[in-house]
Amino acid sequence: MKTSARTEKIRKILRTRYTDVKTQLEYNNPFELLVATILSAQCTDKQVNKVTDNLFRKLKTPHDFATAPVEIIEKLIKSTGYFRNKAKNIQNCSRSIVENYEGRVPKNLEDLTKLPGVGRKTANVVLGAAFGIPGIVVDTHVSRIAQRLNLSDNKDPVKIEFDLMKIIPEKEWNDFCLHLIYFGREICRARKPLCNDCPVTKLCDYKDKTM
DNA sequence: CTCCCGATAT
DNA sequence: ATATCAGGAG
């Protein structure tokens, strides 16, 4: 089967299975989403929501985060892991937003990725969810599934990003990645993927070796 | 490449 | 005990 036809079928199956997808992160504005996404590195969304609920009650604006003692931020986000790096990054990120962007989260990839602690994955999450700007979000799920479904031969996240950009219509970029993420959590899990329950198994050559 | 790092599932 | 969780920086 041609790659495009196979990709089309995969997209359709996932689209049908997962309607109305969105990030599980809880936020009230672009800045909160940025902070929540930085916190979500190597951490579940659920765990992030647990701390941001309280965090955003104590600290609201970029200015609040820029001027708070970093130890306070560390304490508030500790349970998300990597708390020293994340606290420092969130603070420096907030300072940059205050100093360089008039207190507003920039709306383009180039400026976003200049912020400390913000890579392409985080930037694309914010662009997509907060501003409706299309982007391919390559996280651990997207990376894993792109390889299992043979949508990309590459292991480098940036190369995967560009591979997917070529085979997915731009308007679908955000939803497609969310579909893969939902699919990755439910079926195509890192450990013990549920190949027997998989809706795209006929389009997939990957077979779970642990079964 | 290594380091950062707590919570959870298996 | 170990792998993994919507990664990024040095």
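We name chains A, B, ... by the order of the sequence lines, and we start the count at 1 in each one.
Looking at the side chain of A:Arg191, the nearest of the listed nucleotides C:dT2, C:dG8, C:dA6 is C:dT2. Picking from B:dT8, C:dC5, C:dG7 the nucleotide with the shortest atom distance to the side chain of A:Thr122 gives C:dG7. Looking at the side chain of A:Arg189, the nearest of the listed nucleotides B:dT10, C:dG7, C:dA6 is B:dT10. When distances are taken from the side chain of A:Arg185 to each of C:dA6, B:dT10, B:dT8, the shortest belongs to C:dA6.
Residue-level contact check: A:Thr37 touches neither bases nor backbone, having no heavy atom under 4.0 Å from any strand. A:Lys46 comes within 4.0 angstrom of no nucleic acid atom, judged by non-hydrogen atoms across all strands. Residue contacts for A:Leu25: at a heavy-atom cut-off of 4.0 Å it reaches no nucleic acid atom on any strand shown. Residue-level contact check: A:Gln42 touches the bases, meaning some heavy atom is under 4.0 Å from a base atom. Nucleic acid contact class of A:Leu33 (heavy atoms, under 4.0 Å, all strands): none. Across all strands, A:Val118 comes closer than 4.0 Å only to sugar-phosphate atoms, never to a base (heavy-atom distances).
Under a 3.5 Å cut-off, the side chain of A:Lys159 and the backbone N or O of A:Asn154 do not form any donor-acceptor pair. A:Ser40 contributes a side-chain N or O that, together with a main-chain N or O of A:Thr37, makes up a donor-acceptor pair within less than 3.5 Å. In this structure, A:Lys75 contributes its side chain and A:Glu71 its backbone to no donor-acceptor pair below 3.5 Å.
Place A:Tyr182 and A:Leu115 on DNA chain C by their nearest nucleotides, and A:Tyr182 ends up nearer the 5' end. Residues A:Gly117 and A:Asp139 each lie close to DNA chain C; by heavy-atom proximity, the contact nearer the 5' end of the strand is made by A:Asp139.
The nearest whole Å value for the distance from the NZ atom in A:Lys121 to the P atom in C:dC5 is 12 Å. When rounded to the nearest whole Å, the span between CG of A:Leu39 and C1' of B:dC5 equals 13 Å. One interatomic measurement links the two molecules: CD of A:Gln24 to C1' of C:dC5, which rounds to 14 Å at whole-angstrom precision. If you measure from atom CG of A:Asn92 to atom P of C:dA9, you get 11 Å, rounded to the nearest angstrom. Computed from coordinates, the A:Leu180 CG to C:dC5 C1' distance equals 17 Å when rounded to whole Å. When rounded to the nearest whole Å, the span between CD1 of A:Ile90 and P of C:dG7 equals 14 Å. Following rounding to the nearest Å, A:Leu194 (CG) and B:dT10 (P) show an atom-to-atom distance of 10 Å. In this structure, A:Gln47 atom CD and B:dC5 atom P are separated by 16 Å, rounded to whole Å.
Taking every heavy atom of residues 155-176 of chain A and every atom of DNA chain B, no pair lies under 4.0 Å. Within a heavy-atom distance below 4.0 Å of DNA chain C, the residues of residues 60-88 of chain A found are A:Tyr82.
For A:Lys50 and B:dG6, the shortest distance from a side-chain N or O to OP1 or OP2 is not below 4.0 Å. When the side-chain nitrogen and oxygen atoms of A:Thr140 are compared with OP1 and OP2 of C:dC5, one or more of them lie within a distance under 4.0 Å.
With values rounded to the nearest 0.5 angstrom, A:Ile90 atom CD1 is found 12.0 Å from A:Leu115 atom CG. With rounding to the nearest 0.5 Å, the separation of CD1 in A:Ile38 from CG in A:Asn89 is 6.5 Å.
For the C1' atoms, the distance linking B:dC1 with C:dA6 amounts to 24 Å, nearest Å. For C:dG8 and B:dA7, the P atoms lie 22 Å apart once the distance is rounded to whole Å. Straight-line distance between the C1' atoms of B:dC4 and C:dT4: roughly 16 Å, to the nearest whole Å.
Looking at A:Tyr82 and A:Cys43, their side chains never come closer than 4.5 Å, going by heavy atoms from C-beta outward. With a 4.5 Å cut-off on side-chain heavy atoms, A:Arg185 and A:Gln24 count as touching.
Applying the salt bridge (charged side-chain N to carboxylate O under 4.0 Å, His left out) rule to A:Asp111 yields the partners A:Lys114; only residues at least two apart in sequence or on another chain are considered.
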### Task
Before giving the answer on salt bridge (charged side-chain N to carboxylate O under 4.0 Å, His left out), spell out for A:Arg57 and A:Asp53 the whole-Å C-alpha distance, their side-chain angles and the decisive distance to 0.1 Å.
CA-CA 7 Å; A:Arg57 226 171 284 161; A:Asp53 182 46; 3.0 Å; yes

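In this structure, A:Phe65 has its ring center closer than 6.0 angstrom to the ring center of A:Phe31.
Side-chain contact of A:Asn54 with A:Lys58: a donor-acceptor pair under 3.5 Å is present, judged by distance alone.
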